[in-house]
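Following: one structure in structure tokens, then a few remarks.
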Amino acid sequence: MNQAVIYARVSSKDQEREGYSIPAQLKLLREYARTHDFEIAHEFVDVETAKITGRKQFGEMVRFFRENPTCRVAVVEKTDRLYRNFRDCVTLEDLEIEIHLPKEGQVIGKDSKSQAKLVHGIQVVIARNYIENLREEVRKGMREKAEQGIYPSRPPLGYCNNKLEHTIEIDPQKAPVAKRMFDLYASGLHSLASVRKMLKDEFGQLLAKGYLERLLKNPFYKGQFIWEDKLYTARTRRSLAWQCLSRCRPYSGATTNPNTGSTTLPFPVCSAAPTTIAW
């Protein structure tokens with residue numbers, strides 16, 4: 001009895017569709033293996049998108065094939081379950097893997113007829129086109145959200161996404177950290193290093209210097225955001241959580257001591273014009 005591996009994959013949206021779930025795929029593939037006298041050596045399951053190479057379980061399957069030269073059969077529901085980019089296709093072809101696609105009624109291997117390989121190649125191109133089109137639609141949808149004043153991504157420190165209502169809300173756990181960060185920023189008495197230390201001492205959270213600098217420059221905290229290099233006004237309620245951001249001159253960058261070679265990251269000096277911060 002020849003050995004074979006089973007590979008099943010769904011993206012997050014596919015999970016909600018009847019017939020595309022992991023249990024449905026595995027049931028089909030196991031039955032196919034049984035009727036074709038294959039001994040299932042391993043089952044690999046990915047629950048993620050295949051638009052980028054490097055899927056964890058796909059990589060594990062490739063490693064399994066390399067370490068087990070006696071197993072050279074993969075049973076997969078259909079082409080776009082297995083790969084959606086050319087690199088994955090070439091990887092399996094170089095390993096001389098025989099691919100069984102029950103839903104397409106195809107068996108692709110080194111001895112397959114040219115017609116079968118041609119059809120399979122077309123299926124790979126169609127799968128690639130599908131994911132490229134999906135990517136375009138996602139980007140278009142996110143751009144539309146930005147035009148409506150809705151930030152289409154993960155918000156910065158102090159905010160969180162409400163997945164049920166599709167809104168951005170204040171994060172009750174992280175909001176005090178963000179507020180304290182800006183209070184220290186507005187004082188003009190602290191370097192990035194001292195702000196990091198104080199936040200670590202008070203909240204137990206150590207922010208990387210680069211991340212901290214990006215937060216302080218982020219216009220999201222004053223009701224704006226940047227998406228695809230364009231500035232948008234956020235559709236969010238404003239309140240007087242703190243009035244320190246615009247009292248501070250823009251962060252001016254680092255200076256280096258010519259004698260010691262040490263770098264100091266200066267903090268801005270406060271001016272006198274308070275503003276309302278989106279919070």
| task | Mind running side chain to side chain contact (heavy atoms under 4.5 Å, CB included) on Y7 and D46 for me, showing each step along the way? | result | CA-CA 8 Å; Y7 180 77; D46 267 319; 2.7 Å; yes
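- Residue Y32 comes nearest to T35 through the heavy atom pair O-OG1, 3.0 Å, listed as atom of the first residue, atom of the second, then distance.
- Looking only at distances, a side-chain donor or acceptor of R72 sits under 3.5 Å from a matching main-chain atom of F65.
- Here CG of D80 is found 12.0 Å from CG of N129. Values are rounded to the nearest 0.5 Å.
- V119 and I99 fall into different hydrophobic clusters, where Ile, Leu, Val, Met, Phe, Trp and Tyr side chains are chained together by heavy-atom contacts under 4.5 Å.
- You'll find the side chain of H120 stays beyond 4.5 Å of the side chain of Q106, heavy atoms only.
- The shortest side-chain heavy-atom distance between L157 and K174 falls under the 4.5 Å cut-off.
- Y151 and Y159 have their aromatic ring centers separated by at least 6.0 angstrom.
- In the hydrophobic clustering of this structure, W227 groups with V138; members are Ile, Leu, Val, Met, Phe, Trp, Tyr whose side-chain heavy atoms approach within less than 4.5 Å, directly or through other members.
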| Evaluation steps, side chain to side chain contact (heavy atoms under 4.5 Å, CB included), between K230 and R143 | CA-CA 10 Å; K230 185 177 179 181; R143 190 181 304 114; over 6 Å; no
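- No donor-acceptor pair closer than 3.5 Å links the side chain of R81 to the backbone N or O of L101.
- The CG atom of N218 sits 12.0 Å away from atom CD of E213, with the distance rounded to the nearest 0.5 Å.
- Aromatic ring pairs are classed by plane angle as parallel below 30°, tilted from 30° to 60° and perpendicular above 60°; the pair H36 and H100 is perpendicular.
- Scanning all heavy atoms of the two residues, the minimum distance from A178 to G158 falls at CB-CA, 4.2 Å.
- The side-chain hydrogen bond (donor to acceptor under 3.5 Å, both in side chains) check on E169 picks up N162, with sequence neighbours excluded.
- Linking Ile, Leu, Val, Met, Phe, Trp and Tyr whenever their side-chain heavy atoms come within less than 4.5 Å puts M181 and F203 in one cluster.
- Contact annotation: the side chain of L206 approaches that of R196 to within less than 4.5 Å [non-hydrogen atoms, C-beta and beyond].
- A donor-acceptor pair under 3.5 Å is formed between the side chain of S112 and the backbone N or O of V107.
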| said: Working note: M61 + I97, criterion side chain to side chain contact (heavy atoms under 4.5 Å, CB included); need CA distance, chi angles, decisive distance, verdict. | reply: CA-CA 11 Å; M61 181 177 68; I97 304 303; over 6 Å; no
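- Of all heavy-atom pairs spanning V75 and A4, the tightest one is CG2-CB, 4.2 Å.
- The closest donor-acceptor contact from the side chain of N68 to the backbone of F64 lies under 3.5 Å.
- No continuous path of hydrophobic side-chain contacts links L215 to I226 [ILVMFWY only; heavy atoms under 4.5 Å].
- D88 contributes no side-chain N or O that, together with a main-chain N or O of L82, makes up a donor-acceptor pair within less than 3.5 Å.
- A donor-acceptor contact shorter than 3.5 Å links the side chain of Q25 to the backbone of R9.
- The backbone N or O of Q173 lies less than 3.5 Å from a partner atom in the side chain of D171, making a donor-acceptor pair.
- By the 4.5 Å heavy-atom criterion applied to side chains, K179 and D183 are counted as neighbours.
- Of the inter-residue distances, the one linking Q3 atom CD with T70 atom OG1 reads 5.0 Å to the nearest 0.5 angstrom.
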| Stepwise salt bridge (charged side-chain N to carboxylate O under 4.0 Å, His left out) test for K117 and E93 | CA-CA 11 Å; K117 291 182 178 179; E93 187 176 294; over 6 Å; no
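- Interatomic distance, S194 OG to D201 CG, rounded to the nearest 0.5 Å: 11.0 Å.
- Contact record, L199 with R180: CD2-CG, 3.9 Å, taken as the closest heavy-atom pair.
- In this structure, F225 and Y232 have parallel ring planes: the angle between them is below the 30° cut-off, well short of the 60° mark.
- Under a hydrophobic-cluster definition in which Ile, Leu, Val, Met, Phe, Trp and Tyr are linked whenever side-chain heavy atoms come within less than 4.5 Å, directly or via other members, L216 and V177 are assigned to the same cluster.
- Side-chain atoms of S21 and V10, non-hydrogen and from C-beta on, never get closer than 4.5 Å to each other.
- Looking at residues two or more places apart in sequence or on another chain, you find a salt bridge (Lys or Arg N to Asp or Glu O under 4.0 Å) between R63 and E60.
- Minimum heavy-atom separation, A116 to I108: O-CD1, 3.6 Å.
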| Under the side chain to side chain contact (heavy atoms under 4.5 Å, CB included) criterion, do L29 and F38 qualify, and how do the steps go? | CA-CA 11 Å; L29 301 178; F38 285 128; over 6 Å; no
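- For K113, there are no salt bridge (Lys or Arg N to Asp or Glu O under 4.0 Å) partners, not counting sequence neighbours.
- Atom CG of residue L189 and atom CG of residue L184 lie 9.5 Å apart, to the nearest 0.5 angstrom.
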| message | For E104 and K78: C-alpha separation, side-chain torsions, deciding distance, then whether salt bridge (charged side-chain N to carboxylate O under 4.0 Å, His left out) applies. | response | CA-CA 6 Å; E104 296 174 2; K78 55 182 182 176; over 6 Å; no
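- Taken to the nearest 0.5 Å, the OG1 atom of T79 stands 12.5 Å off from the NZ atom of K103.
- Remark: R139 does not engage E136 in a salt bridge, criterion side-chain N to carboxylate O under 4.0 Å.
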